[in-house]
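Let me begin by presenting the structure, written as structure tokens, before commenting on it.
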Amino acid sequence: MATTDSFAQSIPAPTLSDEPNIEALLATINALTGRSVMRFASASARTTALTTPVEGMTVWLTAERRLEIYTNGAWTVWPPQAVQTFQVSDAPYNQVQTTVDYSNSAWPRPVFTAPPSGRAFVTISASVSNTNTDTSTIWAAWRATGSLGFTFTNLTRTGLSAQGKRVVASKRTLLTGLTPGETITIIPQWNISSGTSSTAETLSGELLVEPAP
């Protein structure tokens, strides 16, 4: 075959002068198949069939009932799915002026795959209070860590706070600079300036992650 398609996809195309060639025809069929939406019974069946996937391949998984795109060395669900977790129990508040991670059992950590855009919205919602003194503060916040080395920590940018009274609020933050396909974990955190578990309290905590276009 002396030429390729007209759309810069590198698909071999026959010309009128070509002799019949079944192997050349098969090469064209394979090139077209790899650029189509391929269907597989399950993710494991796809793994068996596509031993060397390439960037941009798209598949439909029948068992999982979802579309996935291969990007940056990993299969990513498309469209990207939101993930939400809810606070189960409160923090011990046994440290002051230190930002501390919630245990995963107290507040489960949302885990998601970074979308092709490399961006995601993270929303934290909670009711927070610290009545130790009129100036005692409390923070409910989060940090992010990734399987490929991404990290993000910023108490004032991600956190909700109260001083000497109860505040019920939400804050939405755009997380950027993610590597598409990277596994990202959002870790909820707490911080109090003074007091103990008898004066500080966080209730109804939620974390919502929404992959952004």
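Owing to the predicted nature of the structure, the values given are computational and were not obtained by experimental measurement.
Residues A126 and L160 share a closest heavy-atom pair of N-CD1, 3.5 Å. What you find for A200 and D90 is that their closest heavy atoms are O-OD2, 4.2 Å. Taking each heavy atom of G181 and A74 in turn, the nearest pair found is O-CB, 4.0 Å. Nearest heavy atoms, L50 versus M57: CD1-SD, 4.2 Å. Looking at every heavy atom in both residues, T76 comes nearest to A114 through CG2-O, 4.2 Å. Heavy-atom minimum distance, S161 versus V128: C-CG2, 4.1 Å.
Looking only at distances, no side-chain donor or acceptor of T131 sits under 3.5 Å from a matching main-chain atom of G164. Counting only distance, with no hydrogens or angles, the side chain of T51 and the backbone of T47 share no donor-acceptor pair below 3.5 Å. K171 places a side-chain N or O within 3.5 Å of a backbone atom of G159 that can act as its donor or acceptor partner. Using modelled atom types, no side-chain atom of N94 and backbone atom of T196 make a donor-acceptor pair closer than 3.5 Å. With hydrogens and angles disregarded, a donor-acceptor distance shorter than 3.5 Å links the side chain of E64 to the backbone of A43. Side-chain N or O atoms of T145 include none that pairs as donor or acceptor with a backbone N or O of T151 at under 3.5 Å.
The hydrophobic clustering, which links ILVMFWY residues whose side-chain heavy atoms are closer than 4.5 Å, places W142 and V100 together.
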Inset, instruction - Given side chain to side chain contact (heavy atoms under 4.5 Å, CB included), test L26 with E23 step by step and report yes or no. - result: CA-CA 5 Å; L26 180 59; E23 291 184 355; 5.5 Å; no
Inset, instruction - Determine, stepwise, if the pair F40 / T48 fulfils side chain to side chain contact (heavy atoms under 4.5 Å, CB included). - result: CA-CA 10 Å; F40 294 97; T48 300; over 6 Å; no
Legend entry - Candidate pair V83 and Q81, rule side chain to side chain contact (heavy atoms under 4.5 Å, CB included), full reasoning: CA-CA 7 Å; V83 180; Q81 303 296 301; 5.6 Å; no
Inset, instruction - Take R172 and E210 through the test side chain to side chain contact (heavy atoms under 4.5 Å, CB included) and record every step on the way to the result. - result: CA-CA 10 Å; R172 193 182 195 215; E210 302 167 285; 3.3 Å; yes
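In this structure, W139 and L155 have side chains that are in contact, with non-hydrogen atoms separated by less than 4.5 Å. The side-chain heavy atoms of V88 and P108, taken from C-beta on, include a pair separated by under 4.5 Å. For the pair T173 and R157, the minimum side-chain heavy-atom distance is below 4.5 Å. The shortest side-chain heavy-atom distance between I138 and T202 falls under the 4.5 Å cut-off. When side chains are defined from C-beta on, L61 does not count as touching S42, because their heavy atoms never get closer than 4.5 Å. Contact check for L207 versus V209: no side-chain heavy atoms found under the 4.5 Å cut-off. T158 has its side chain out of reach of V122: every pair of non-hydrogen atoms, C-beta onward, lies at least 4.5 Å apart. L203 places none of its side-chain heavy atoms less than 4.5 Å from the side chain of V168.
Remark: the S136 side chain and the Q163 side chain contain no N/O donor-acceptor pair separated by less than 3.5 Å. The closest side-chain donor-acceptor pair between R143 and T153, if any, does not fall under 3.5 angstrom. If you check the side chains of R166 and S127, you find a donor sitting under 3.5 Å from an acceptor.
Between the OG atom in S147 and the CD atom in E182 there is a gap of 4.5 Å [rounded to 0.5 Å]. Interatomic distance, OG1 of T123 versus CG of L208, reported as 5.0 Å (0.5 Å rounding). Between the CD1 atom of I186 and the OG1 atom of T85 there is a distance of 9.5 Å, given to the nearest 0.5 Å. Separation of atoms CH2 (W78) and CD1 (I69) is listed at 5.5 Å; rounding is to 0.5 Å. Interatomic distance, OG1 of T58 versus CD of E68, reported as 10.5 Å (0.5 Å rounding). Taking CG of L178 as the reference point, atom CD1 of I184 lies at 5.0 Å (rounded to 0.5 Å).
For E206, the side-chain hydrogen bond (donor to acceptor under 3.5 Å, both in side chains) partners two or more places apart in sequence, or in a different chain, are Q84. For R119, there are no salt bridge (charged side-chain N to carboxylate O under 4.0 Å, His left out) partners two or more places apart in sequence or in a different chain. For Q189, the side-chain hydrogen bond (donor to acceptor under 3.5 Å, both in side chains) partners two or more places apart in sequence, or in a different chain, are D101. With sequence neighbours left out, Y70 forms a ring-ring contact (aromatic ring centres under 6.0 Å, His included) with W75. A search for ring-ring contact (aromatic ring centres under 6.0 Å, His included) contacts involving Y93 returns W190, not counting sequence neighbours.
Here the options are N130, T199, T137, the test is side chain to side chain contact (heavy atoms under 4.5 Å, CB included), and the partner is I192; only N130 passes. Residue T71 is tested with P115, P180, P53 for a side chain to side chain contact (heavy atoms under 4.5 Å, CB included); the sole match is P180.
Ring orientation note: the planes of Y102 and W107 are nearly perpendicular, at an angle over 60° on the 30°/60° scale.
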Please tabulate, one pair per line, all N/O donor-acceptor pairs under 3.5 Å involving side-chain atoms of residues 31-39, not counting sequence neighbours.
| residue | atom | partner | partner atom | Å |
| --- | --- | --- | --- | --- |
| T33 | OG1 | I29 | O | 2.8 |
| R35 | NE | Q9 | O | 3.0 |
| R35 | NH1 | A31 | O | 3.1 |
| R35 | NH2 | Q9 | O | 2.7 |
| S36 | OG | T33 | O | 2.7 |

